[in-house]
Structure formats: structure tokens, C-alpha cells
> 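Below you'll find the structure I mean.
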Amino acid sequence: MHRWPLMLDLKFFRENQDLVRAGIARKKFDCDIDAVIELDEQRRRIIREAEEKRAAQKAANAEMAKLDKGSGAFQNKVAEMRGLAQEVKSLQSKQAEVETEWEAAFMSIPNVPDPSVPDGQSEDDNVTFHTWGDPQSVSGEALPHYDISWFSHYVDLERGTKITGAGFPVFRGQMARLVRGLLEFFLERNAAAGFEEMHPPLMVNAASATATGQLPDKEGQMYFAPEDGFYLIPTAEVPVTNFYRDEILEAGQLPLRACAYTPCFRREAGSYGKDVRGLNRVHQFDKVELVEWVHPEESMIELERLREHVQGLVEALKLPYRTLLMCSRDIGFPHAKQYDVEVWAGGQQRWLEVSSCSCFTDFQARRANIRFRDESGKPRVVHTLNASGLAIPRVLAAILENNLQADGSVLLPDALVPHFGGDRLTPPRS
RNA sequence: GGAGAGAUGGCUGAGUGGCCGAAAGCGCCCGCCUGCUAAGUGGGUAUACGGCUUUAAACCGUAUCGAGGGUUCGAAUCCCUCUCUCUCCGCCA
């Protein structure tokens with residue numbers, strides 16, 4: 001009686017419980033698969049019963065349609081059908097109840113990791129997949145960005161705290177321009193690579209957040225406006241992926257590629273005191289995001305392409321980086337496979353994550369009900385991918401740290417010069 | 001925020017309590033016909049879930065006429081709530 005999204009391939013799930021179980025066991029999420037299976041059985045039992053009664057009711061209705069309404073036979077039939085009508089009603093409400101319960105249980109099941117994802121217990125088990133540039137080659141002047149004398153002038157965290165709260169920086173003057181230049185650089189480079197630029201809403205409803213997997217997994221990490229039931233987006237992935245929610249695309253349209261610049265809002269609950277200095281972790285930041293909708297058979301190849309594209313962005317900025325293949329316990333709830341790209345921040349002498357390139361296989365597309373017509377004309381669920389391209393604050397941090405000159409200026413990579421309108425950021429006057 | 005109008009299949013658009021999953025037209029697909037094209041002509045043309053089946057197809061059943069709830073033996077059709085769209089007014093970047 002209800003239409004619910006195709007959350008998982010039900011049949012696959014039922015018939016390959018062991019695979020699903022084994023896959024999920026490699027991840028870090030708790031979920032009760034037995035409960036889901038039990039609820040599914042219960043659900044199907046009730047559906048069958050309710051539908052049988054309903055079919056009987058409909059058959060009787062068809063007969064009654066042919067009877068004279070004033071006749072005794074008609075009146076008898078009405079009396080006879082009263083009981084059945086009650087049964088149908090109560091079965092249907094029971095069905096709705098079980099389905100709601102089952103759906104909630106189902107939504108808590110994470111995606112299964114791809115076989116190529118290495119086992120691992122923590123971030124220490126992530127595999128270094130690729131490196132580029134020499135971390136030791138950075139400027140001898142390197143300082144943590146937050147220790148650069150003029151940093152608090154250009155990135156005013158104190159006033160941001162006054163205006164809003166901790167973790168809401170105000171970028172000023174040349175730094176604001178540099179942020180804008182970076183965004184422009186990323187957007188243009190992505191557009192040149194075939195990503196359609198989008199400018200989406202910054203707030204989303206619960207259905208959208210559920211489709212991409214933020215709900216129910218990350219409920220506490222999003223800012224929420226209860227009056228309207230809207231969530232501030234933690235990434236443009238959410239509104240952009242939902243662009244095609246509940247749609248059936250044509251096979252010829254795939255792959256679809258989009259990019260979007262948006263501010264991102266993250267409560268970062270539970271990470272207090274961890275990496276929070278300067279720009280390392282803030283509650284609002286700018287990011288250009290890449291999203292793709294692809295044919296299921298191409299998603300893993302596309303992930304590699306996407307990763308290479310993202311690496312190209314970092315290379316254009318001349319920032320040493322490494323790409324990690326994330327291990328099973330370090331990939332996210334909706335992820336099948338994930339690479340993180342981390343740039344070297346020479347002042348802090350540490351790696352900063354600036355992009356996460358992910359393949360969600362059909363996990364998000366099922367929840368979002370995004371399908372395409374395959375060669376035979378049958379609807380099939382697409383695969384989605386996304387990547388940051390790139391997140392601004394940490395890129396900024398690395399540029400500041402790695403390119404700091406003795407006179408306090410920061411030399412900018414050639415690629416940014418036309419977007420910034422100069423080849424270096426200079427200390428503020430006075 | 002106030003007043004009014006509306007929401008039906010890929011599209012247009014009928015349908016105001018009883019075989020309505022839904023007329024008709026358009027589009028699309030398959031066939032026929034036709035020097036070619038156009039026209040004509042016959043048929044077909046949703047999705048999901050459940051059942052059956054080794055799988056799939058076929059088949060059977062159920063649901064879906066913006067969403068949710070109600071009335072009724074029976075709802076696209078009646079009632080309530082909500083959402084959205086359009087028009088007018090107000091407010092406002």
C-alpha cells in the first residue's frame with residue numbers, strides 16, 4: 001500500500017545474506033541483519049495475507065457493481081462484506097506498521113565494501129596508493145599556518161567566534177580573494193573536464209539527507225532547522241546527488257558529471273580538541289564537489305578516473321600529496337570504496353585531507369531511487385560517485401605553509417595567478 | 001503572510017462513488033501497406049511490491065490519479081490536513 005524507496009536490492013540481500021554479512025563485518029558499523037531478515041519475513045507474510053483479503057474484497061465489489069442497489073441481494077452483500085472490510089483495514093495498518101519498522105532497520109545497514117578494499121582496523125591500515133611531490137622540498141620558512149604572524153589578520157577566527165561561534169572563520173582582504181580564486185580555479189578546471197556546474201540549495205530536507213546516507217548515520221553532525229525540518233548541507237554531495245532523485249535517466253545520458261561550489265556546514269560533534277587549530281577543522285568551509293551518475297558496470301573504472309582528475313587538481317597547485325586507499329573500517333557508511341587525497345602541510349609537518357574520492361555503487365542511488373533504462377529498456381539503478389575537488393581551507397593551509405617566503409609573503413602556484421590577480425599574497429600593511 | 005485557481009500515465013487532456021490502471025489525442029515501439037518521404041492501417045506502449053518459478057520470462061495478485069489521514073461494502077471521484085504550482089495583494093534581498 002505504500003511506496004518505499006528501493007533501499008537495497010531485496011532479492012540480492014535475501015539470497016546473499018552471508019556475503020552481505022561478511023562485507024559489513026569488515027566495516028565499523030553496527031547493524032542487526034537478523035532483525036532485518038526477520039522483519040522482512042514478517043512483512044511478506046502480512047503483505048500476502050492483506051493482499052489476498054483485498055483481492056476477495058475487490059472481487060465482491062465487482063459483483064456488487066452489477067447488482068441493483070435497491071435489491072435484497074445487494075443489501076445482503078453489503079452486510080456480508082462489512083467484516084471483510086474490517087479485516088482488510090486492520091491488516092493494512094499492520095502492514096504499514098511492520099513496513100515502517102523494517103524500513104528503519106534496513107536503512108541502518110551500511111553499504112558493503114568492494115573486494116578491492118583492504119581489511120583494516122583503523123586509519124593506520126589505510127594503504128598508500130600513490131604519492132606525488134617531495135614533502136621535504138617545501139620552503140625553509142615553513143610554519144604552521146596559524147603561527148604565521150599575519151594569519152589572524154587574514155583569517156579572523158576571533159571575530160568569527162563573536163559573530164557566530166568557534167570554527168566560523170572570517171577571511172579578509174587578499175585571503176578572501178585567494179579563497180575566491182581557488183574556487184574559480186577549481187570550478188573552471190572541473191568544467192573543462194566535463195563536469196556541469198551547479199549551484200544548489202544549501203539546505204536539504206530529510207529525504208535528501210537519507211538518500212545520500214547522512215541520515216540516519218550522521219544525524220548529529222548536521223545543523224538542523226527544526227521549524228522547517230531542513231538540514232544545512234555538510235557537503236554539496238547531498239543536494240547535487242539528489243538532483244535526479246526519483247528519476248529514470250536514459251542510458252545514453254550516462255555518465256553524468258556535475259560539480260558544485262557550496263559552503264559546507266559540519267557540527268563536528270565529538271571531535272573537540274582534535275586537529276582544530278587554524279583552518280584544519282572548521283564548522284563552515286568552502287568546497288567544490290564533484291558528483292557522478294554512471295552505468296553500474298563502469299563505476300569502479302570511473303572511480304579511478306575521478307581520482308586521477310582530483311590528483312591533477314592538487315598537482316596543478318604544486319602541493320605534494322599522497323593518495324590513500326581507505327581500509328574497510330575507515331570508509332564511510334554508504335561507501336563501497338574510497339580514496340583520500342592528503343596534501344603535505346610543511347609547517348605542521350603533517351598530511352591534511354583535501355579530498356575523498358568515493359564510489360557508492362548503487363547504495364545512494366537505491367535510496368534516492370535514481371535509475372536508468374538499460375539497453376533492454378528495463379529500469380536499473382545507477383551507480384553514484386563523488387569527490388571533493390577540492391576543499392578550500394586545508395588547501396589554503398598547505399599553500400600558506402609550503403610557500404611562505406622570508407619576507408612573509410606567500411608565492412602562489414602559476415595556476416592560481418590569473419584567478420588571484422597576482423603571483424603572491426603579501427603581508428597586510430601596518 | 002492574505003485571497004483565489006489548480007495538481008490525472010512520457011506529454012496534452014477526459015473522467016465527480018461501482019470491472020478506471022484510468023477515454024481520446026500526441027509521442028514512442030512492432031507489423032502491414034506504400035517508387036522514396038509523408039499519409040494510411042493493425043497491435044503494443046508505466047512503476048513498485050508480493051506470489052509462482054532453479055534463475056529469468058511469462059503468468060496471477062496488490063498498490064500507485066500531488067502526499068497523508070478519514071467516510072464507505074466499494075474512492076481518481078466525497079470529507080479533513082499538508083505540500084507544491086499559477087494568478088492577485090502584502091512584505092522583502
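Every heavy atom of this structure was used, including side-chain atoms; hydrogens, water molecules and symmetry mates were not.
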> I'd like the P distance from B:rU34 over to B:rU41, given in whole Å.
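Here B:rU41 and B:rU34 have their P atoms 16 Å from each other.
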
> Hey, which of these two, A:Arg48 or A:Ala55, hits RNA chain B nearer its 5' end, going by closest nucleotide?
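Going by which nucleotide is closer to the 5' end, it is A:Arg48.
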
> Looking at B:rC49, B:rC73, B:rU72, which one has an atom nearest to any side-chain atom of A:Val78?
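The closest nucleotide is B:rC73.
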
> Side chain of A:Phe74, heavy atoms from C-beta onward: which of B:rA63, B:rU47, B:rC73 has the nearest atom to it?
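The nucleotide sitting nearest to the side chain is B:rC73.
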
> Using Watson-Crick or G-U wobble geometry with both distances below 3.5 Å, tell me the partner of B:rG74, or none.
none

> Any donor and acceptor pair, going by atom type alone, linking the side chain of A:Asn126 with main-chain N or O of A:Cys327 inside 3.5 Å?
yes

> What integer number of Å spans the P atoms of B:rU12 and B:rA48?
23 Å

> For nucleotides B:rC73 and B:rU81, find the distance between their C1' atoms and express it as a whole number of Å.
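It comes out at 26 Å once rounded to the nearest Å.
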
> Provide, to the nearest angstrom, the distance between the CZ atom belonging to A:Arg366 and the P atom belonging to B:rA48.
12 Å

> Return the value, rounded to whole Å, for the distance between atom CD1 of A:Ile248 and atom P of B:rA46.
12 Å

> Starting from P on B:rG50, measure out to CG on A:Leu91 and report it in whole angstrom.
17 Å

> NA contact type, A:Arg45, heavy-atom cut-off 4.0 Å: base, sugar-phosphate, or nothing?
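Counting heavy atoms under 4.0 Å across all strands, no contact is made by A:Arg45.
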
> With no hydrogens and no angle check, just 3.5 Å: does a side-chain donor-acceptor pair link A:Tyr261 and A:Glu197?
no

> What is the separation between atom CD on A:Gln92 and atom P on B:rG68, rounded to the nearest whole Å?
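Checked: the CD to P distance equals 13 Å.
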
> Using a cut-off of strictly less than 4.0 Å, decide whether A:Gln57 has a side-chain nitrogen or oxygen near OP1 or OP2 of B:rG74.
yes

> Can you tell me the pairing partner of B:rC59 across any strand shown, Watson-Crick or G-U wobble, with both distances under 3.5 angstrom?
B:rG51

> Does B:rG50 have OP1 or OP2 sitting under 4.0 Å from an N or O in the side chain of A:Lys53?
no

> Looking only at the side chain of A:Glu51 (C-beta and beyond, no hydrogens), which of the listed nucleotides B:rG18, B:rG50, B:rU72 gets closest?
B:rG50

> Taking only the side-chain nitrogens and oxygens of A:Arg44, find out if one of them lies under 4.0 Å from OP1 or OP2 of B:rC49.
no

> Considering only atom P, compute the distance from B:rG6 to B:rC79 and round it to an integer number of Å.
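Looking at atom P only, B:rG6 and B:rC79 are 12 Å apart.
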
> State which of B:rU47, B:rC73, B:rG61 makes the closest approach to the side chain of A:Pro379.
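Looking only at heavy atoms from C-beta outward on A:Pro379, the closest nucleotide is B:rU47.
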
> Can you tell me, in whole Å, how much space there is between the C1' of B:rG31 and that of B:rC86?
44 Å

> Can you measure A:Asn369 atom CG to B:rU47 atom P for me and round it to whole angstrom units?
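Roughly 12 Å, once rounded to whole Å.
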
> Please find out if less than 6.0 Å separates the ring center of A:Phe360 from that of A:His335.
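Yes; A:His335 has its ring centre under 6.0 Å from that of A:Phe360.
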
> Please evaluate residues A:Gln214 and A:Glu237 with respect to the criterion side chain to side chain contact (heavy atoms under 4.5 Å, CB included), reporting the C-alpha separation (whole Å), side-chain torsions for both, the decisive distance (0.1 Å), and the verdict.
CA-CA 10 Å; A:Gln214 274 71 28; A:Glu237 164 196 346; 4.0 Å; yes

> Just to be sure I understand the rule, does A:Glu63 reach a base, reach only the sugar-phosphate, or reach nothing, if contact means heavy atoms closer than 4.0 Å?
nothing

> B:rC73 C1' sits how many Å from A:Asn61 CG, rounded?
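Going from A:Asn61 (CG) to B:rC73 (C1'), I get 6 Å.
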
> Take the protein atom CZ of A:Arg245 and the nucleotide atom C1' of B:rA67, then report the distance between them rounded to whole Å.
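Atom-to-atom, A:Arg245 to B:rA67, this comes out as 13 Å.
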
> Base, sugar-phosphate, or nothing: which does A:Lys58 touch, judged by heavy atoms less than 4.0 Å apart?
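Sugar-phosphate contact only - A:Lys58 comes under 4.0 Å of backbone atoms but never of a base.
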
> Would you say the side-chain atoms of A:Gln174 and A:Arg177 include a donor-acceptor pair closer than 3.5 Å?
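Checked: A:Gln174/A:Arg177 side chains show no N/O donor-acceptor pair below 3.5 Å.
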
> Using the closest heavy atom to pick a nucleotide of RNA chain B for each, name whichever of A:Ala59 or A:Met81 lands nearer the 5' end.
A:Ala59

> State whether a side-chain donor-acceptor pair under 3.5 Å links A:Gln311 with A:Arg307.
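Yes.
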
> Could you please name the partner base of B:rA93, counting Watson-Crick and G-U wobble pairs only when both distances are under 3.5 Å?
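Here B:rA93 is not engaged in any pair, so there is no nucleotide opposite it.
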
> Scan every strand shown for a Watson-Crick or G-U wobble partner of B:rA5, both distances under 3.5 Å, and answer none if you come up empty.
B:rU85

> Determine which nucleotide pairs with B:rA46, using a 3.5 Å limit on both distances of a Watson-Crick or G-U wobble pair.
B:rU64

> Do the side-chain N or O atoms of A:Arg54 get closer than 4.0 angstrom to the phosphate oxygens (OP1, OP2) of B:rU62?
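For A:Arg54, the contact criterion (side-chain N or O under 4.0 Å from OP1 or OP2 of B:rU62) is not met.
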
> Tell which nucleotide pairs with B:rC32, taking only Watson-Crick or G-U wobble pairs whose two distances are both under 3.5 angstrom.
B:rG40

> For the side chain of A:Ala65, starting at C-beta, report the closest nucleotide among B:rG18, B:rC19, B:rC73.
B:rG18

> Between B:rG68 and B:rG9, how far apart are the P atoms? Round to whole Å, please.
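Result for the P pair: 15 Å, nearest Å.
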
> With rounding to the closest Å, how many angstrom separate the C1' atoms on B:rA67 and B:rU53?
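Approximately 36 Å lies between the C1' atom of B:rA67 and that of B:rU53.
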
> Just N and O in the side chain of A:Arg43: are any of them under 4.0 Å from OP1 or OP2 of B:rG50?
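Looking at the OP1 and OP2 atoms of B:rG50, one of them is under 4.0 Å from a side-chain N or O of A:Arg43.
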
> Cut-off 3.5 Å, side chains only: do A:Gln338 and A:Ser356 have a donor facing an acceptor?
yes

> Whole-Å distance between B:rG74 P and A:Asn76 CG?
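Rounded to the whole Å, the gap is 17 Å.
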
> Should B:rC26 form a Watson-Crick or G-U wobble pair with both distances under 3.5 Å, which nucleotide is its partner?
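Base partner found: B:rG10.
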
> Using the C1' atom as the reference point in each nucleotide, state the distance between B:rU72 and B:rU16 in Å, no decimals.
16 Å

> Taking the side chain of A:Ala85 as heavy atoms from C-beta outward, which of B:rG18, B:rU47, B:rG74 is closest to it?
B:rG74

> Side chains of A:Gln348 and A:Asn280: is there a donor and an acceptor less than 3.5 Å apart?
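A pair is found: one side chain offers a donor N or O, the other an acceptor, under 3.5 Å apart.
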
